[in-house]
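One structure is given here, and the rest of the page talks about it.
Chain identifiers are assigned alphabetically (A, B, ...) following the order of the sequence lines, protein sequences preceding nucleic acid strands; residue numbering begins at 1 within each chain.
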Amino acid sequence: MIQIHNTLSQRKEEFRPLEPGKVRMYVCGMTVYDYCHLGHARVLTAFDVITRYLRHRNYDVTYIRNITDIDDKILQRAEANGEDYLALTDRMIKAMHEDEARLGILPPTKEPRATAYIDEIIAMIHILISKGFAYPADNGDVYFAVDGFEGYGKLSKKKLEDLIAGARVGVSEAKRSPADFALWKAAKAGEVSWPSPWGDGRPGWHIECSAMSTCCLGDTFDIHGGGPDLLFPHHENEIAQSEAATGKPFVNVWMHAGAVRVNKEKMSKSLGNFFTIREILEKYPAEVVRYFLVSSHYRSQVDYSEENLEEAGRTLTRLYTALRGIVPDKKPSVEIAGDADQQFHAAMDDDFNTPGALTVLHALASDINVFRREGRDREASEAAAVMVSLGKVLGILQQDPEAYFKAGNVGDLTAETIESLIAARNKARKERNFAEADRIRDELADNGVVLDDSRDGTSWRRG
RNA sequence: GGCGCGGUGGCAGAGUGGUCAUGCAGCGGACUGCAACUCCGUUAACGCCGGUUCGAUUCCGACCCGCGCCUCCA
């Protein structure tokens, strides 16, 4: 039985999909006006692991993650860049896919774009107006009337009075109530727009997700996820729009990832500590970044820092070290796989407790090391197979260990140079010229290469 | 101000009403020419104050501190 923390009820609940064996999940994706940052990576990774695990548990998962390809920020950025907004969004979507691939994020089942759903969005707005939940305003915008929807605030636990009382000055006068939000925004002169019954314009931010999710998954679906800052107003508004339009419950389980901080400070552009995925991948291997993300629970806050990433790297190195030089056995025995599977599932069934799941991988690494020491090669190989297969569910440990150790971007010696220096050092060792041997080892160390002597010879890694 | 989340050993990070998290780092030992890797052993924690209980880090209450959202933001 899988338990999932539901933001709506604020507790863990037994997960029961609407249709047995099938999971329909929607996650709010990127607004493509800039490169993906670490916060995106966090959400992407969290729901990637969730999808992988559900599939591992034999659920047929339909995973929809949208792309917001029209909105104010996109238009502003395109204008600032002096490029067409389509050129901008194309570029950013391509970059996003590259970043995802490097982090081992599997593509979603479908990746709908807002601009491809304009008809559906207009149809939904139409229904909302006809049911009296929304109204066209004099300025050409269409607004959702928040006080007409009874459950407003149930996700974010906010009261309408508080929201109205707390509203900033300068609220658009076209709105009947300050908390009302736009479904359709009238186009300013020269802006990209689509025709609608209320005049030329473009969709508001929230409505696109209501339209795309219900079109792709049905009026009611199992899981809706996203970043922590989308909880309000975005997700609250999605519920209002969708439930008002369909008259049915929108989503059974709401899931929100934890925030990312940088050196214990909120990551924000004004603080100048905003990291894009590609910036980070220049400093750390992608798998280390992924390990770092997976090593804390998806709902907790993580702190990005050099120290934490380096620790993640050392830890991942330990796991790969156990795997190094072993051909994983294709069919691990029940004795070897059974316990590990059971513990792994126990952790992951409990609201996707990835740190707990990693403990199982560490235990397997220790087992492998002991088996090897005792010459129990067959068991070592079986344990390695289990480790790699469980690692796959978390999206780690899928590289060839040698490739992992030698890839890095540390130092600038080529593999050939390193190998020849090692040969020279081993010659010196054989001649018991340890001064020379150590000199060579130091030289390699200065270039970020760590040596490892064993009976079978000397291996190396970039550390 | 409103709403929500959290405070665990040097660090990261799970979890539990009563013997172990785990990893990194540290310490002692084995291995090694010396290291590295690995193994064996080991140090060390549950913000503060009350309450419930035979027993609380775990449950309840107050307090202190931190964080997030309330405005575009994953």
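A gap of 14 Å separates the C1' atoms of B:rA45 and B:rU22, to the nearest Å. If you take atom C1' in B:rU19 and the same atom in B:rG26, they sit 25 Å apart, rounded to whole Å. The C1' atoms of B:rU16 and B:rC11 are separated by 23 Å, rounded to the nearest whole Å. Straight-line distance between the C1' atoms of B:rG23 and B:rA14: roughly 11 Å, to the nearest whole Å. Separating the C1' atom of B:rU57 from that of B:rC49 is a span of 15 Å, rounded to the nearest Å. Between B:rC24 and B:rC65, the two C1' atoms lie 27 Å apart (nearest whole Å). B:rC63 and B:rG6 have their C1' atoms separated by 16 Å, with the value rounded to a whole Å. Comparing the C1' positions of B:rA12 and B:rG17 gives an interatomic distance of 26 Å, to the nearest angstrom.
Within 4.0 Å (heavy atoms only), A:Asn353 reaches sugar-phosphate atoms of the nucleic acid but no base atom. Within the nucleic acid shown, A:Ala257 has no heavy atom closer than 4.0 Å to any nucleic acid atom. When heavy atoms are screened at a 4.0 angstrom cut-off, A:Gly153 is found touching no nucleic acid atom at all. Backbone-only engagement by A:Asn369 is indicated by non-hydrogen atom pairs under 4.0 Å involving sugar-phosphate atoms exclusively. Within 4.0 Å (heavy atoms only), A:Gln301 reaches sugar-phosphate atoms of the nucleic acid but no base atom. Across all strands, A:Arg372 comes closer than 4.0 Å to no nucleic acid atom at all (heavy-atom distances). Backbone-only contact: A:Arg461 has heavy atoms under 4.0 Å from sugar-phosphate atoms and none from a base. If you check every strand for non-hydrogen atoms under 4.0 Å, A:Ser459 touches nothing. Within the 4.0 angstrom heavy-atom criterion, base atoms lie near A:Val260. Using a 4.0 Å heavy-atom cutoff across all strands shown, A:Lys158 reaches at least one base atom of the nucleic acid. Nucleic acid contact class of A:His37 (heavy atoms, under 4.0 Å, all strands): base. A:Phe434 comes within 4.0 angstrom of a base, heavy atoms only. As judged by a 4.0 angstrom heavy-atom cut-off over every strand, A:Asp71 is placed among residues making no nucleic acid contact. Across all strands shown, A:Leu231 has no heavy atoms under 4.0 Å from either base or sugar-phosphate atoms.
On a pure distance criterion of 3.5 Å, no polar donor-acceptor pair joins the side chain of A:Arg318 and the base of B:rC24. One cannot find a donor-acceptor pair under 3.5 Å joining the base of B:rG4 and the side-chain atoms of A:Gln10. Residue A:Asp438 places a side-chain atom within donor-acceptor reach of the base of B:rG33, judged by atom type and a 3.5 Å distance cut-off alone.
Here the C1' atom of nucleotide B:rC3 and the NE2 atom of A:His235 are 18 Å apart, to the nearest Å. Atom CG of A:Asp456 and atom P of B:rC37 are 18 Å apart (whole Å). Between the P atom of B:rG33 and the CZ atom of A:Arg455 lies a distance of 11 Å, rounded to the nearest Å. If you take CZ of A:Arg299 and C1' of B:rC67, they are 15 Å apart, rounded to a whole angstrom. Here B:rU71 presents its C1' atom at 11 Å from CH2 of A:Trp205, a figure rounded to the nearest Å. To the nearest angstrom, P of B:rC11 lies 15 Å from CZ of A:Arg314. Whole-Å rounding puts the A:Arg261 CZ to B:rG6 P distance at 16 Å. The interatomic distance linking A:Glu238 (CD) with B:rA74 (C1') rounds to 13 Å, in whole Å.
Salt bridge A:Arg278/A:Glu98: present, at least one basic N to carboxylate O contact under 4.0 Å. Under 4.0 Å is where a charged nitrogen must lie from a carboxylate oxygen, and between A:Arg77 and A:Asp71 no such pair does.
For the pair A:Tyr152 and A:Asn237, the minimum side-chain heavy-atom distance is below 4.5 Å.
Other residues, nucleotides and ligands place more than 12 heavy atoms under 6.0 Å from the NZ atom of A:Lys157.
Across all strands shown, B:rC11 pairs with B:rG23; the Watson-Crick or G-U wobble distances both stay below 3.5 Å.
Taking side-chain N and O atoms only, A:Lys266 has a distance below 4.0 Å to OP1 or OP2 of B:rC69. OP1 or OP2 of B:rC37 has not a single side-chain nitrogen or oxygen of A:Trp460 nearer than 4.0 Å.
Ring pair A:Phe181/A:Phe144 is parallel by interplanar angle, where below 30° counts as parallel and above 60° as perpendicular. Relative orientation of the A:Trp254 and A:Phe250 rings is tilted, given thresholds of 30° and 60° on the angle between their planes. Taking the six-membered ring where the residue is Trp, A:Phe47 and A:Tyr298 present tilted rings, their angle falling between 30° and 60°.
Mapping A:Pro228 and A:Lys264 onto RNA chain B by nearest heavy atom places A:Lys264 closer to the 5' end of the strand. Heavy-atom distances to RNA chain B give each of A:Ala437 and A:Lys157 a nearest nucleotide, and the one nearer the 5′ end belongs to A:Lys157.
When each of B:rG33, B:rC39, B:rA74 is scored by its nearest atom to the side-chain atoms of A:Ser366, the top-ranked nucleotide is B:rC39.
Side-chain N or O atoms of A:Asp350 include none that pairs as donor or acceptor with a backbone N or O of A:Asn353 at under 3.5 Å.
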